Amino acid sequence: MTDTATVKKLERMALQLRFDLIEMIGVGKVGHLGGSSSMAEIAACLYFHAMRYNPQNPKDPDRDRFLLSKGHCVLIQYAALTELGVIPRAELKKVKTLEGCLQGHPDMDRTPGIEAVTGSLGMGLSIGLGMALGFRLDRRPSRVYVVMGDGELSEGQIWEAAMAAAAFKLDNLTAFVDLNRVQATGPTREIFDIPQIERKWAAFGWEVVSVNGHDVGQILQALAKAKETRGRPTVIVAETVKGKGFSFAENNAVFHNSSLTAEQHRQALCELEARRAELK
Amino acid sequence: MTPHPNMREAYGLALLELGRKNRDVVALEADLGKSTRSVLFQEVFPERYFQMGIAEQNMAATAAGLALAGKIPFIHSFAVFATGRAYDQLRNSICIPGLKVRICGSSSGLSDFGDGKTHQSVEDITLMRALPGMTVLAPMDGLETAKMMERLIDWPGPAYVRINRSDLPLLYPASEPYHIGKITCLRKGSDAVLLATGVMVGRSLEAAQILAERGIAAGVYNISTVKPLDAEAVIQAAAGVRAIVVAEEHNRIGGLGSAVLEALRATPHPPVELVGIEDCFGLSAACYDEILNHFGLTAQAVAAAAMRTLDGSSRPKGHS
């Protein structure tokens, strides 16, 4: 079991990542707030607990890899890499400008700490599968973590990769489905319903763990289980709230990719401050 | 090693050789290994061979991951699937980060003569040429294939290799050193120049013979690196002649012909004629020669194009 101090630390980190999101988006700048915020706890648990990752040596060949298949939510990865010191904090305000190094989608050539090019949806799991095969061949200890969206699961390539990862018995590969139930144009149930997600992954040969994606303790337990699982990959299906932490954005498809008004920006900071007081 | 006259067999043997020389070489395939001959690698290095099932998109992006883990992946399918089915994966997962992945487009052009339109690639060079950073290679025979493969270990960034399914005459000069990016003069001639790639190189050499019998001296160049095209060498090859013919087993739109015209655009040059497939898909045929003849991809057609162009260029302007 995870100690309460670790849980507290990671809850505070997830909050800090949400502060960073608001710093990047500011007022009037369009950004994918909803899907970034829904995976703040997942990002915190991976980068600040589960992953073998030394920010002093971010090119260590034995590091674990984080791949954001739902690449449009890269703001949350920028936040984590900034808190790790891999991305300079001054970059946050220059996100998606020609002056900065933070692109609209993950770009390994321009941004420190980014491990691949993702964002054309459905490709991250395949890239992770290739990495995991390579690491196994070289007997490296590296593990690969891939985060996908639930809307993204309609991409056929994901299921090609799911079949292959199970066929190759890759237990050094762990995937997350950020099950926030809202995609670009509305609720997934109305736009393109994908029922029985857990049963689908299980049928494809994966170890499946369901968690509340905002419950740090549950995420850590699932990650520990994934590390112990032998002979097959693990998917952690994380039930989350799109726009989590910002009442006006929660479960609201508008904030899939939107800007904040000055009033919304003020409210966002207020709500984060209230959460900070809670976590004291 | 004696070069194999069958290009895909020569490819498979060369891949196996690379596997022996470099332990980071890995091969992926999508249930066509017996056709692409990547199976030769599998037999010796099963642990470095990944059968991906009939899933080309996943295969391409998996190769990106393997490259990011330090491997040199060669992925295999028919040219039409390797380039078309997996285009977005080649673009985003491999070419944007400039990864060292080798894409083997086998049974390219019309060389899968029996299977028809769905399996024949008439547009693969166009697609691959349009991808920033992609090297596009189309060897002329088994000998050149073997030499090309050796160079692919150190060549940076992604590369597409267009492999023919058939036996082709071994015409690449054995003593000629091979370099990616270089064009090869196979025959000199001062009246016309024939620039060709793949199966059309041999046919252009035959065309030069036909032309010689009519008193026309035609030079023949093998352009196996379609991209990056050695524009300077193309301009030099064209200097002094009165007609240029570009011959390729490919749609005339966007292939070697287009690349040559792009190279020549900034400099005065003789008239250019293109021998290729006229913007249509392939067909099933009883043998390879039959389908090449059907689409006018013959020595006679290349020779006729040269003569037509010479006639046109000797005629005063304003008359037709």
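Residue numbers start from 1 in every chain, and the chains themselves are labelled A, B, ... in the order their sequence lines are given, proteins ahead of strands. Atom set for the values below is all heavy atoms of this structure, side chains included, hydrogens, waters and symmetry mates excluded. Fair warning: this is a prediction, and the values are worked out from it, not measured in the lab.
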Review point. Does anything in residues 147-156 of chain B pair up under salt bridge (charged side-chain N to carboxylate O under 4.0 Å, His left out), and if so which pairs, sequence neighbours excluded?
Key: none
Check your understanding: Looking at residues at least two apart in the chain, or sitting in another chain, which of them share a side-chain contact (heavy atoms from CB on, under 4.5 Å) with Pro139(B)?
Key -> Met7(B), Glu144(B), Thr145(B), Met148(B), Val161(B), Ile163(B)
Check your understanding: Partners of Tyr160(B) by ring pair (Phe, Tyr, Trp, His ring centres under 6.0 Å), sequence neighbours excluded?
Key -> none
Revision key, fill the gap. When Leu66(B), Leu28(B), Val26(B) are each screened for side chain to side chain contact (heavy atoms under 4.5 Å, CB included) with Leu133(A), the one that passes is Leu66(B)
Study note, to complete from the structure: Heavy-atom nearest pair, Met123(A) first then Ala61(B), reads O-CB, 4.2 Å
**Study point:** Contacting moiety of Leu137(A), where chain B heavy atoms sit under 4.5 Å
**Key:** side chain
Practice item. May I ask you to name which of Ala64(B), Ala63(B), Pro97(B), Gly98(B) has the most heavy-atom pairs under 4.5 Å with chain A? Key: Pro97(B)
Exercise for review: Below 4.5 Å from any heavy atom of chain B, which atoms of Met108(A) appear? Answer side chain, backbone, both or neither.
Suggested key: side chain
If you check both backbone and side chains, which donor-acceptor pairs between chain B and chain A fall under 3.5 Å?
{"from": "Asn58(B)", "atom 1": "N", "to": "Glu160(A)", "atom 2": "OE1", "distance (Å)": "2.9"}
{"from": "Asn58(B)", "atom 1": "OD1", "to": "Ser126(A)", "atom 2": "OG", "distance (Å)": "2.6"}
{"from": "Lys71(B)", "atom 1": "NZ", "to": "Asp138(A)", "atom 2": "OD1", "distance (Å)": "2.6"}
{"from": "Lys71(B)", "atom 1": "NZ", "to": "Asp138(A)", "atom 2": "OD2", "distance (Å)": "3.2"}
{"from": "Asp88(B)", "atom 1": "OD2", "to": "Ser120(A)", "atom 2": "OG", "distance (Å)": "2.6"}
{"from": "Gln89(B)", "atom 1": "NE2", "to": "Gln157(A)", "atom 2": "OE1", "distance (Å)": "2.7"}

